[in-house]
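Some notes on the structure that comes next.
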Amino acid sequence: NAGVTQTPKFRVLKTGQSMTLLCAQDMNHEYMYWYRQDPGMGLRLIHYSVGEGTTAKGEVPDGYNVSRLKKQNFLLGLESAAPSQTSVYFCASNFDPGLRYYEQFFGPGTRLTVL
Amino acid sequence: AQSVTQLGSHVSVSEGALVLLRCNYSSSVPPYLFWYVQYPNQGLQLLLKYTTGATLVKGINGFEAEFKKSETSFHLTKPSAHMSDAAEYFCAVSDPDTDKLIFGTGTRLQVFP
């Protein structure tokens with residue numbers, strides 16, 4: 001049981017380049033989330049998904065896109081990277097907060113630098 | 001809307017001293033409350049949670065937190081700090097309107113020998 005995994009762990013991009021971050025979970029969780037973590041700002045929700053084939057915007061969605069084609073995977077895409085997107089990105093999942101299962105399980109993070 | 005305030009972005013204690021990390025929340029209904037810990041270059045790990053029942057909650061590594069409804073607080077404590085407790089700690093509250101967690105901005109704990 002690997003829990004939540006993220007690839008890659010580190011990445012350096014030039015401004016304007018694109019990339020996709022992959023999140024995978026093996027806990028059969030319905031809900032998945034993408035956060036970014038910046039110093040002094042805690043975790044901010046980018047996008048989330050309440051089930052396979054669904055996505056929704058979070059607090060800071062601009063410049064990002066997501067897809068949830070399979071229940072176990074949640075992809076975060078940057079179409080044209082900007083220096084403001086330099087951050088640490090975390091993926092998380094949980095069973096079903098609608099049933100009051102609020103605890104989220106986090107991946108190890110991806111450190112992204114945009115030059 | 002829910003919000004979480006963590007007082008003190010940095011807290012420093014000596015090894016063996018009491019650890020107290022403060023968290024206050026705003027909520028119109030009884031919330032679910034969480035403390036997560038993030039060790040350097042790692043993801044967030046659940047330390048403890050309050051859902052219902054006993055207001056004093058015990059977590060891993062000797063930490064505990066007390067839910068005080070009258071003070072809208074959920075402070076994290078540990079009687080005796082250890083060097084390995086050095087990490088960043090996040091308080092979070094459930095939002096019943098959105099079914100999401102709202103995180104505080106974090107408190108970095110330093111432990112000196």
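Numbers restart at 1 for each chain; the letters A, B, ... are given by sequence-line order, proteins then strands. When reading the values below, keep in mind they use all heavy atoms of this one structure, side chains included, and skip hydrogens, waters and symmetry mates. Bear in mind the structure is a predicted one, so any value in this text is a computation, not a measurement.
- For chain B, no part of A/Arg44 is nearby; none of its heavy atoms comes within less than 4.5 Å.
- For the atom pair CD (A/Gln104) and OG (B/Ser94), the distance works out to 10.5 Å, reported to the nearest 0.5 Å.
- Atom OH of residue A/Tyr35 and atom CG of residue B/Leu44 lie 9.5 Å apart, to the nearest 0.5 angstrom.
- B/Gln45 does not touch chain A: none of its heavy atoms, backbone or side chain, sits under 4.5 Å away.
- Both B/Tyr50 and B/Leu21 are members of a single hydrophobic cluster when ILVMFWY side chains are connected at heavy-atom separations under 4.5 Å.
- At a threshold of 4.5 Å between side-chain heavy atoms, the hydrophobic network of Ile, Leu, Val, Met, Phe, Trp and Tyr places B/Leu47 and B/Phe103 in two separate groups.
- B/Ile102 contributes atom CD1, which lies 11.0 Å from atom CG of A/Leu43 (distance to the nearest 0.5 angstrom).
- Clustering ILVMFWY residues whenever any of their side-chain heavy atoms sit less than 4.5 angstrom apart, transitively, puts A/Tyr33 in the very cluster that holds B/Phe90.
- By the criterion of side-chain heavy atoms lying less than 4.5 angstrom apart, applied directly or through intervening Ile, Leu, Val, Met, Phe, Trp or Tyr residues, B/Leu56 is not grouped with B/Leu46; the two fall into different hydrophobic clusters.
- Heavy-atom distances place the side chain of B/Gln38, and not its backbone, under 4.5 Å from chain A.
- A heavy-atom distance below 4.5 Å is not found between the side chains of A/Glu59 and B/Lys100.
- Side-chain heavy atoms closer than 4.5 Å link hydrophobic residues (I, L, V, M, F, W, Y) into clusters, and following such links, even through other members, never connects A/Phe90 to B/Val37.
- Looking at B/Leu101, both its backbone and its side chain come within 4.5 Å of chain A, counting heavy atoms on both sides.
- For A/Glu52, the CD atom sits in a packed shell: over 12 heavy atoms of surrounding residues, nucleotides or ligands are nearer than 6.0 Å.
- Residues A/Glu103 and B/Tyr36 have side chains in contact (heavy-atom distance under 4.5 Å, counting atoms from C-beta outward).
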